[in-house]
Engineer: 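Below is one structure. I have some questions about it.
Both ligands and their constituent atoms are indexed starting at 1 by order of listing.
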Amino acid sequence: MVNLLLLVSLPLKINLISFPFLTYASSCNGPCRTLDDCAGQLICINGKCNDDPDIGTHICSGGSPPTRGSCKSSGTLKCKGKSYPQYKCSPPVTSSTRAHLTLNDFSEGGDGGGGSECDDQYRSNSERIVALSTGWFNQGSRCLKMIRITAKKGKSVTAKVVDECDSVNGCDAEHAGQPPCKNNIVDGSSAVWDALGLDKNQGVANVTWSMA
Ligand SMILES: *[C@@H]1O[C@H](CO)[C@@H](O)[C@H](O)[C@H]1NC(C)=O
């Protein structure tokens, strides 16, 4: 019984020693691993809590405008009477990049007209695979590489990048009539949602991702 207790408590102790900051929320420049470790609206950039360029707060920079993450829309596309912004860029990739996880169907007859952008293949949605917004897809530089996706509740999963979530084009047959993707999308298969313990019916979830 004593041995068993030791075994169970050992990994926990190691965690606390390696990451003592995980027990409280860090402020500006404080250490972090995920945005959950940072206080208030701050996010985790390269292991330090900082302003979120997406939100544009100046909590840490003392009022000067943010110098990072100025990804501006490159135009608009009209889809069924509504205007959608187009983006060639995405927010900067960090060790914990905030994203919206959406649900994609990678099978034949699914959400895109053709096969995946990386290798023109259709895939089973039981594979852990994702499409990334155009800026993050970065002309295929992340094709067939693994990323790690972490959900708010701390569950994480690795998934293979196989496709682009087109943030520039849309509203046509090739994109199944869908408007352009937003620029902060990780578009995951049902297997990714399941592995993260997320409810697919919610449609979109806050996650962070990094290269695995
Ligand atoms: C995602 O986070 C934002 C704030 O950071 C919040 O307003 C929004 O409701 C969250 N969305 C979901 C689906 O939890």
Engineer: Using the rule that two of Ile, Leu, Val, Met, Phe, Trp, Tyr join whenever any of their side-chain heavy atoms come within less than 4.5 Å, decide whether Met146 and Val93 are in one cluster.
Structural biologist: no

Engineer: After noting the C-alpha distance and the side-chain angles of Glu164 and Thr134, does the key distance pass the side chain to side chain donor-acceptor pair (under 3.5 Å) rule?
Structural biologist: CA-CA 6 Å; Glu164 174 179 10; Thr134 293; 2.7 Å; yes

Engineer: Walk me through it: do Lys200 and Asp194 pass the test salt bridge (Lys or Arg N to Asp or Glu O under 4.0 Å)?
Structural biologist: CA-CA 8 Å; Lys200 294 187 278 281; Asp194 292 344; 2.5 Å; yes

Engineer: Near Val204, which atoms of ligand 1 are under 4.0 Å from a heavy atom of that residue?
Structural biologist: 13 (C)

Engineer: Any N or O on Asn206 sitting closer than 3.5 Å to an N or O of ligand 1?
Structural biologist: yes

Engineer: What atoms of ligand 1 come closer than 4.0 angstrom to any heavy atom of Arg98?
Structural biologist: 5 (O)

Engineer: Is the gap between the SG atoms of Cys171 and Cys79 under 2.5 Å?
Structural biologist: yes

